[in-house]
Amino acid sequence: MSKLVVVTGGYGFIGSRFVKYIIENTDYTVAIIDKKTYAADNNRIFSWFDRPKHENRIMHFIEDISNPQLNNNTWYILHKAHYVVNFAAETHVDNSIKDGSPFMKSNIEGVYNLLESCKNSSKLIKFIQISTDEVYGDMEQVPNSEKGADESYQIRPSSYYSASKAAADHLVQACSHTFGLKYLITRTCNNYGPYQHPEKFLPKMIQKALNKEAIPLYGQGDQVREWIHVDENVETIFKLMESQQVNQVFNIGSGVRYKNIDIIHLVESLLGKQVVYEHVKDRLGHDRAYRLNSEKVQGILGRSEKNYPNLEEFLASCI
C-alpha cells in the first residue's frame, strides 16, 4: 500500500530535496505543509517537477505550523499521515541575533503544535524531527573533541537558533515518553547543493566572487564547519524513516571539514584568480567549530553507494 508522507518545510532547501527523493524513488504520496516565507521559492526549487507525471502525488498546504489553530485540512492530513518529517524551521543564526522571536514560534511552538496533532494518530508510524549539529555547541570548548560529538554528547546550544532546535528535540522526546509517540531525531552538519538560499555562506560567497564583489568574512575566517551534500543527507533521512529504528537520535555528517577562509581559497583556485574578501566584525557568540561523529548511522545504514559531488566538485559546477 502506498504511504502518505507529510513534509513540513517542503518548499525549503533541504525539505524540497527530500520531496524530490521520495517522488523519484517511491510510489508514496507527499503532502507539503509550508508557510512559504522569504526562504521558499516554489518555482525555483521544484524545477525538476514534471506536472503531468507528478501532480497527483503531491498535495500542497500553505500553513504556519506555529498557529495553534491549524487549518482543518492541515489537521486532517496530519492524522492521515504514515510519516511526518519536520524540516520547517527558521535557520539563519544572524537573523536569530537580530530577532529571536520568529525562531521561538516556528522552531518551538511549531513543533509543539505538530506533536499535539500527531500524538494520538493511529496511522502514524514515525515522527522525524530534523535537527542540527549546532545543538552540541562549540566543539572548540570541549577537550579531546577532534573525533566529533556523538549522540550522547551534552546539548550545549549557544545561539537562539540552536537553543530553539535543542528545545524542539526535547519536546519530541518528552512527547514520546509521555504519549508513546515513535520518533527519530536527525542532527545534520552544514548542507550544500542546488537552490540554497542566497543568505547562506556558500551561495553568497559564490555570487560575490562571480560579481567581483567583496565577500564578508567573519573575524579571521577560521571557523570550522562540516559539510555534506544535501542529497546524501536526504537519502540518509529517508532510509532512517523506513528503517526499524525508533526513539533514537542519529547524527548525519560527512567528516569533511573546512575553515571558512579555506573555502574562499578553494574558490580562488577554481577560478584561477584571487577573489576579494573583507574581514568584518565577528558574529556575537560565534561558535568556532562544529564536528559530528556519525559512526552510529554509518554502522546501521553503511555509506551511500551513490557518488554525490564533493564540496570542491559542487563549487566548480557553480563557477
Side-chain angles (χ1 to χ4, degrees), residues 1-36 39-63 65 73-74 76-89 91 111 114 117-118 121 123-131 172 182-188 191-196 228-246 248 250 252 297 300-309:
M1 181 183 71
S2 178
K3 293 185 174 69
L4 171 62
V5 183
V6 170
V7 180
T8 63
Y11 292 147
F13 168 50
I14 305 177
S16 66
R17 302 300 286 189
F18 186 72
V19 172
K20 181 176 186 290
Y21 186 91
I22 291 176
I23 294 299
E24 293 181 346
N25 292 279
T26 76
D27 64 351
Y28 296 172
T29 300
V30 176
I32 297 172
I33 300 175
D34 198 301
K35 69 175 180 178
K36 300 200 77 171
D41 185 342
N42 191 25
N43 294 327
R44 180 173 55 89
I45 61 181
F46 282 99
S47 60
W48 55 271
F49 186 76
D50 184 335
R51 187 168 296 278
K53 185 177 179 182
H54 299 142
E55 181 113 65
N56 64 343
R57 292 184 56 203
I58 301 182
M59 295 178 281
H60 305 265
F61 298 85
I62 309 304
E63 177 75 276
I65 60 169
N73 290 332
T74 303
Y76 175 78
I77 206 68
L78 285 167
H79 273 254
K80 296 281 287 184
H82 296 94
Y83 300 103
V84 174
V85 189
N86 181 36
F87 292 91
T91 64
V111 171
L114 287 177
S117 298
C118 293
S121 170
K123 291 193 174 183
L124 187 69
I125 298 171
K126 209 177 296 182
F127 183 100
I128 296 153
Q129 171 66 15
I130 308 302
S131 189
V172 172
K182 290 182 172 60
Y183 76 90
L184 289 179
I185 295 170
T186 66
R187 294 175 179 153
T188 309
N191 280 223
Y192 63 90
Y195 307 121
Q196 191 170 24
I228 190 171
H229 193 281
V230 61
D231 291 338
E232 182 173 1
N233 180 29
V234 301
E235 179 191 355
T236 306
I237 294 168
F238 178 82
K239 288 180 176 178
L240 285 171
M241 182 185 83
E242 291 228 300
S243 75
Q244 298 302 308
Q245 306 297 321
V246 294
Q248 295 190 61
F250 286 95
I252 303 177
V297 72
I300 292 172
L301 299 181
R303 296 304 299 263
S304 172
E305 296 180 0
K306 296 183 180 180
N307 189 23
Y308 295 105

Out of curiosity, Thr188 OG1 to Asn233 CG, how far, rounded to the nearest 0.5 Å?
-> 4.0 Å
Might you point out which heavy atoms bring Ser121 and Ala81 nearest each other, and give the distance in Å?
-> OG-O, 4.5 Å
Any donor-acceptor N/O pair, Ser131 side chain to Ile185 backbone, under 3.5 Å | no
Heavy-atom closest contact (Tyr11 atom, Asp34 atom, distance) | N-OD2, 2.9 Å
So which heavy atom on Ala88 is nearest to which on Gly9, and how close?
-> CB-N, 3.7 Å
Kindly give the heavy-atom pair with the smallest separation between Val230 and Asn191, and that separation in Å.
-> CA-OD1, 3.4 Å
Distance, nearest 0.5 Å, that separates OG1 of Thr74 from CD of Glu63 | 4.0 Å
Output the distance between atom OG1 (Thr29) and atom CD1 (Ile22), rounded to the nearest 0.5 Å.
-> 10.0 Å
Among Val85, Val7, Leu4, Val6, which residue meets the side chain to side chain contact (heavy atoms under 4.5 Å, CB included) test with Val30?
-> Val7
Side chain to side chain contact (heavy atoms under 4.5 Å, CB included) with Met241: which of Thr236, Val5, Ile125?
-> Val5
Between atom CD1 of Ile65 and atom CG of Leu114, what is the distance when rounded to the nearest 0.5 Å?
-> 4.0 Å
Can you list the residues that meet the salt bridge (Lys or Arg N to Asp or Glu O under 4.0 Å) rule with Arg57, with sequence neighbours excluded?
-> none
Evaluate the side-chain proximity of Ile32 to Ser16: yes if any heavy-atom separation is below 4.5 Å, no if none is.
-> no
Between atom CZ of Phe127 and atom CG of Leu184, what is the distance when rounded to the nearest 0.5 Å?
-> 11.0 Å
Is the closest side-chain heavy-atom distance between Asp231 and Tyr21 below 4.5 Å?
-> no
Heavy-atom side-chain contact between Ile237 and Phe87 under 4.5 Å | yes
Can you find a heavy atom in the side chain of Leu78 that is under 4.5 Å from one in the side chain of Ile33?
-> yes
Would you find a donor on one side and an acceptor on the other, under 3.5 Å apart, between the side chain of Lys126 and the backbone of Ser243?
-> yes
Can you check side chain to side chain contact (heavy atoms under 4.5 Å, CB included) on Asn86 and Val172, steps first, answer last?
-> CA-CA 11 Å; Asn86 181 36; Val172 172; over 6 Å; no
Taking all non-hydrogen atoms of both residues into account, name the closest pair between Pro194 and Phe13 and its distance.
-> O-CE1, 3.3 Å
Aromatic ring pairing Phe18/Phe238, orientation class (parallel under 30°, perpendicular over 60°, tilted between) = tilted
Residues that Asn307 engages under side chain to side chain contact (heavy atoms under 4.5 Å, CB included), provided they are two or more places apart | none
Give the minimum heavy-atom separation between Ser304 and Glu235, together with the two atoms involved.
-> OG-OE1, 2.8 Å
Would you say the side chain of Ile14 lies within less than 4.5 Å of the side chain of Ile130, judging by non-hydrogen atoms?
-> no
How about Tyr183 and Gln129: do any of their side-chain heavy atoms sit closer than 4.5 Å?
-> no
Evaluation steps, side chain to side chain contact (heavy atoms under 4.5 Å, CB included), between Gln245 and Phe250 = CA-CA 10 Å; Gln245 306 297 321; Phe250 286 95; 3.9 Å; yes
Main-chain N/O of Leu124 paired to Lys182 side chain as donor or acceptor, under 3.5 Å | no
Taking the side chain as every heavy atom from C-beta outward, state whether Glu232 and Lys306 have any pair of such atoms under 4.5 Å apart.
-> no
